[in-house]
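Comments concern the structure below.
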Amino acid sequence: NMSSNVLAVAFAALWSSVNNLRLMADKGIVSPDEVDVSLALILEAVEFLGDAQLQKIVNDRLETMMAEIRASAARNAGQVN
């Protein structure tokens with residue numbers, strides 16, 4: 001079981017990665033396919049959290065966030081700002 005400090009750092013890194021992906025999608029730097037690849041890798045990392053209930057909460061939230069990011073990537077594709 002992860003200590004609370006390690007878990008806090010893991011979550012900070014996870015949300016930072018998602019936010020960076022959002023910024024790149026908003027600027028047209030990443031495609032929807034690249035967002036899907038990133039989501040798969042992030043969900044794979046979430047599996048290491050160990051707690052099934054926590055994984056479900058994170059996965060549900062990530063799915064919603066990534067859908068928004070994917071839509072932004074589609075809207076902004078090829079329009080590097």
Side-chain angles (χ1 to χ4, degrees):
N1 203 4
M2 283 194 207
S3 75
S4 59
N5 289 340
V6 171
L7 198 55
V9 170
F11 273 117
L14 176 100
W15 299 128
S16 177
S17 296
V18 171
N19 189 54
N20 286 332
L21 190 60
R22 177 187 308 277
L23 292 172
M24 290 188 292
D26 289 347
K27 292 186 175 288
I29 297 171
V30 295
S31 70
D33 289 342
E34 291 169 316
V35 172
D36 290 338
V37 169
S38 296
L39 174 60
L41 293 171
I42 291 169
L43 290 176
E44 201 173 294
V46 169
E47 290 177 18
F48 290 100
L49 294 176
D51 181 272
Q53 183 179 3
L54 186 55
Q55 285 179 20
K56 181 176 176 2
I57 292 167
V58 171
N59 286 351
D60 290 347
R61 172 125 170 127
L62 277 173
E63 289 286 345
T64 301
M65 292 172 72
M66 295 305 259
E68 294 168 3
I69 294 170
R70 189 180 303 109
S72 176
R75 271 192 314 274
N76 298 305
Q79 300 178 21
V80 178
N81 299 317

N/O donor-acceptor pairs under 3.5 Å from side chains in residues 17-24, not counting sequence neighbours:
| residue | atom | partner | partner atom | Å |
| --- | --- | --- | --- | --- |
| Ser17 | OG | Ala13 | O | 3.0 |
| Asn20 | ND2 | Ser16 | O | 3.3 |

ask   = Residues two or more places apart in sequence or in another chain: which of them pass side-chain hydrogen bond (donor to acceptor under 3.5 Å, both in side chains) with Arg70?
value =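 With neighbours one apart ignored, the set is Asp36.
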task = Quick one: closest heavy-atom pair of Pro32 and Ala73, and the distance?
result =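 So the minimum-distance heavy-atom pair works out to N-CB, 3.7 Å.
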Are [Y] and [X] connected in a single hydrophobic cluster, I mean Ile/Leu/Val/Met/Phe/Trp/Tyr linked by side-chain heavy atoms less than 4.5 Å apart?
X	Y	value
Ile69	Leu41	no
Leu14	Val37	no
Val9	Trp15	no

ask   = Under 3.5 Å, side chain of Glu34 to main-chain N/O of Ser31, donor-acceptor pair present?
value =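 Yes; judged by distance alone, with no hydrogens or angles, the pair exists.
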ask   = Is there a donor-acceptor contact under 3.5 Å from the side chain of Ser72 to the main chain of Glu68?
value =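 A pair under 3.5 Å: no.
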request  = Tell me, with the steps shown, if Val35 and Met66 meet side chain to side chain contact (heavy atoms under 4.5 Å, CB included).
outcome  = CA-CA 7 Å; Val35 172; Met66 295 305 259; 4.2 Å; yes
query = Stepwise, does the side chain to side chain contact (heavy atoms under 4.5 Å, CB included) test hold for Glu47 with Leu43?
reply = CA-CA 7 Å; Glu47 290 177 18; Leu43 290 176; 5.9 Å; no
